[in-house]
Amino acid sequence: MDKPIDKAVADLGRDIGEYIRQQRSTAKISLRQLARLAGVSNPYLSQIERGLRKPSAEILQQIAKGLRISAEALYVEAGILEQREGGALADAIVTAPDLTERQKQVLLDVYESFRRENAANHQAGPATGPAT
């Protein structure tokens, strides 16, 4: 394999591992607890967090469940999924470590409603203000 490609894959592994470690720390869950919740071995989870192993989508889903975050957030961080429609703001909401899943969904719903409203207003023509 090409050296730049090897480095890129290794960087992805470190990035997702660091992200998982941050999420675990924010949730105040020990490595051992998360390994048990995710159904993976303690050493394997440790290797993922240190960037020595790149987990499959299935393992990421199990880890997300253990962390009580969306699997989509981990998939985006791991480079498995592209950014969702709505761009960086939607991705920031999805990956926010200090929001619950319910709070994230409410924010995404509000954001999407504003986008739809603005798109409908844009198609209808320029907005007119009140007459003075």
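Everything numeric here is computed off the predicted structure, so don't read it as measured data. Counting from 1, the numbers follow the sequence of the chain as shown.
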> Linking I/L/V/M/F/W/Y whenever their side-chain heavy atoms sit closer than 4.5 Å, directly or via other members, would V110 and L99 fall into one cluster?
no
> Got a second to check how far S46's OG is from R21's CZ, nearest 0.5 Å?
7.5 Å
> Less than 4.5 Å apart, side chain to side chain, heavy atoms only: is that true for L37 and K65?
no
> Shortest non-hydrogen contact from L34 to R24?
CD2-CD, 3.8 Å
> From L107 CG over to E112 CD, what is the distance, rounded to the nearest 0.5 angstrom?
12.0 Å
> Could you tell me which non-hydrogen atom of I69 sits nearest to which non-hydrogen atom of E101, and how far apart they are?
CA-OE2, 3.1 Å
> Out of curiosity, L67 CG to Q33 CD, how far, rounded to the nearest 0.5 Å?
11.0 Å
> Any side-chain heavy-atom pair from R102 and Q105 closer than 4.5 angstrom?
no
> Indicate if L108 and V106 have the same hydrophobic cluster label, given that clusters are the connected sets of ILVMFWY residues with side-chain heavy-atom separations under 4.5 angstrom.
no
> Considering only heavy atoms from C-beta outward, does the side chain of I48 approach that of V40 to under 4.5 Å?
no
> Is any side-chain heavy atom of Y44 closer than 4.5 Å to a side-chain heavy atom of P55?
yes
> Are any non-hydrogen side-chain atoms of I59 and Q62 less than 4.5 angstrom apart?
yes
> May I ask you to decide if A57's main-chain N or O and Y75's side chain share a donor-acceptor pair within less than 3.5 Å?
yes
> Rounded to the nearest 0.5 Å, what's the gap from OG on S41 to CD on Q47? Could you check?
7.5 Å
> With rounding to the nearest 0.5 Å, note down the distance linking CZ in R68 to CD1 in I29.
8.0 Å
> Hey, what do you get for CG (L45) to CZ (R53), rounding to the nearest 0.5 Å?
12.0 Å
